[in-house]
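Beneath this line is the structure, given in structure tokens, with notes to follow.
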Amino acid sequence: MTTVKAAWIGREIGASMANTDSFIEEVNEELRRDRLFALFRKWGWIPILLILLIVGAAGYREYTLSQERAAAEAFGDSLIAALDDSEAEAREAALLAVTPATDNAQVLLALLLAAERASDEAGRVTAAEGLRALAAQPGLSARYRDLALLKAHLLDPQEFSLAMVTLDRLALPGQPYRPLAMEQQALLHVGNGDIEAAIAILRLLEEDSQATAGLQQRASQLIVALEAGVALADPAPEEEAAPDAPAAGEGAEEDAAEQETADPVEEAAPEAPAETTDAGGGDTPAEDGAVQE
């Protein structure tokens, strides 16, 4: 009897302890839930705000991109419409009426205007000054800045030291217009009477991986001409280019067009070809770098 009573008492105590543990767990669960709700009421606005900010930023970005795309398309359409005119004066007037949307678009517009104004000396000087002023603007893409400086040099070269400072920067390894800048450096050295420096640059140009086949061929021809003692001189203004010979600088502009594939720009009309004078004094018009036999 005593044993049965002791067993019953043990079961009651165990049940009571189990009920106590269950009660404590329920209380702890309620406390945790209350703390969670309190934290959510206090700080729950932060994740909601973050979600709204992310959604708003994504929507604003899409809107901005669509606006930029629409502006670029409108600018391109206006350029095409302006260049469709058959009269040079009408094309220039139409280009002047175009409003560029960005700094890069302003450079493209200036390059097209320079091409239209390259028919006379005053127009070339004005166009070159405008391109140099644009290239000095901060925030301009390096690709377009270098193109503007190179085009300005082709239109209206500065005096030797200033021109070499600009071309040295354009001819640094990795620059997009390095081969064309090197070619202009060689021509400047030829004009300055430093034939050895010109040949050294042309030999580097022959092996440059960025140079096009046409540019390397011009460099080779000019090396042969210089080593043969041919002197290069600009022709008189009234002389005309040979009908089957491309004008001096035309090859450089064609190479620039090949390298500027992302944003094609109509280049200026080529200048008159250089005239080569052999050692005997005879003058025959020929392309820069052509070999005189």
Side-chain angles (χ1 to χ4, degrees), residues 111 115 118 143 146-147 149-155 157 163-164 166-235 239-280 282-293:
L111 289 169
R143 183 184 187 90
D146 293 349
L147 180 60
L149 290 174
L150 179 62
K151 182 63 177 179
H153 173 78
L154 294 174
L155 289 173
M164 286 302 294
T166 300
L167 293 175
D168 284 342
R169 185 165 61 82
L170 297 180
L172 291 174
Q175 295 299 317
Y177 306 107
R178 168 180 163 83
L180 299 177
M182 292 175 66
E183 182 185 34
Q184 295 304 313
Q185 283 180 317
L187 294 177
L188 282 179
H189 281 301
V190 171
N192 203 40
D194 193 349
I195 304 301
E196 293 183 359
I199 292 177
I201 293 176
L202 291 171
R203 292 197 186 281
L204 292 176
L205 183 57
E206 280 185 307
E207 302 174 356
D208 196 283
S209 60
Q210 290 182 255
T212 62
L215 185 54
Q216 290 175 335
Q217 183 179 8
R218 288 204 305 274
S220 300
Q221 292 175 346
L222 188 54
I223 289 173
V224 174
L226 293 175
E227 289 180 340
V230 175
L232 302 181
D234 291 333
E239 293 181 358
E240 297 181 355
D244 57 346
E250 182 179 1
E253 294 186 0
E254 291 176 354
D255 289 329
E258 292 178 8
Q259 295 186 26
E260 188 61 26
T261 55
D263 299 282
V265 178
E266 180 179 336
E267 293 293 330
E271 299 178 357
E275 180 180 4
T276 60
T277 305
D278 59 20
D283 295 337
T284 55
E287 179 186 4
D288 284 352
V291 182
Q292 299 299 318
E293 296 295 333

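Only heavy atoms go into these numbers, but all of them, side chains included; no hydrogens, no water, no symmetry mates.
- Remark: side-chain polar atoms of Asp208 are paired, donor with acceptor, to backbone N or O of Gln210 under 3.5 angstrom.
- Considering only heavy atoms from C-beta on, His153 comes within 4.5 Å of Leu188 through its side chain.
- Atom CD1 of residue Ile223 and atom CG of residue Leu202 lie 5.0 Å apart, to the nearest 0.5 angstrom.
- Distance check, rounded to the nearest 0.5 Å: CG of Leu172 to CE of Met182 gives 11.0 Å.
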Just do the side-chain contact (heavy atoms from CB on, under 4.5 Å) check on Leu154 and Gln184 with the steps written out, would you? CA-CA 8 Å; Leu154 294 174; Gln184 295 304 313; 3.4 Å; yes
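- The backbone N or O of Gln216 sits nowhere less than 3.5 Å from a side-chain atom of Glu206 that would complete a donor-acceptor pair.
- Closest of all the heavy-atom pairs between Ala198 and Val190 is CB-CG2, 3.5 Å.
- Residues Leu222 and Leu187 form a side-chain contact, since some pair of their non-hydrogen atoms from C-beta on lies under 4.5 Å apart.
- The shortest heavy-atom contact between Ala219 and Leu205 is CB-CD2, 4.0 Å.
- A heavy-atom distance below 4.5 Å is not found between the side chains of Glu196 and Ile199.
- Contact annotation: the side chain of Gln175 never approaches that of Leu170 to less than 4.5 Å [non-hydrogen atoms, C-beta and beyond].
- In this structure, CG on Asp146 lies 11.5 Å from CG on Leu180, to the nearest 0.5 angstrom.
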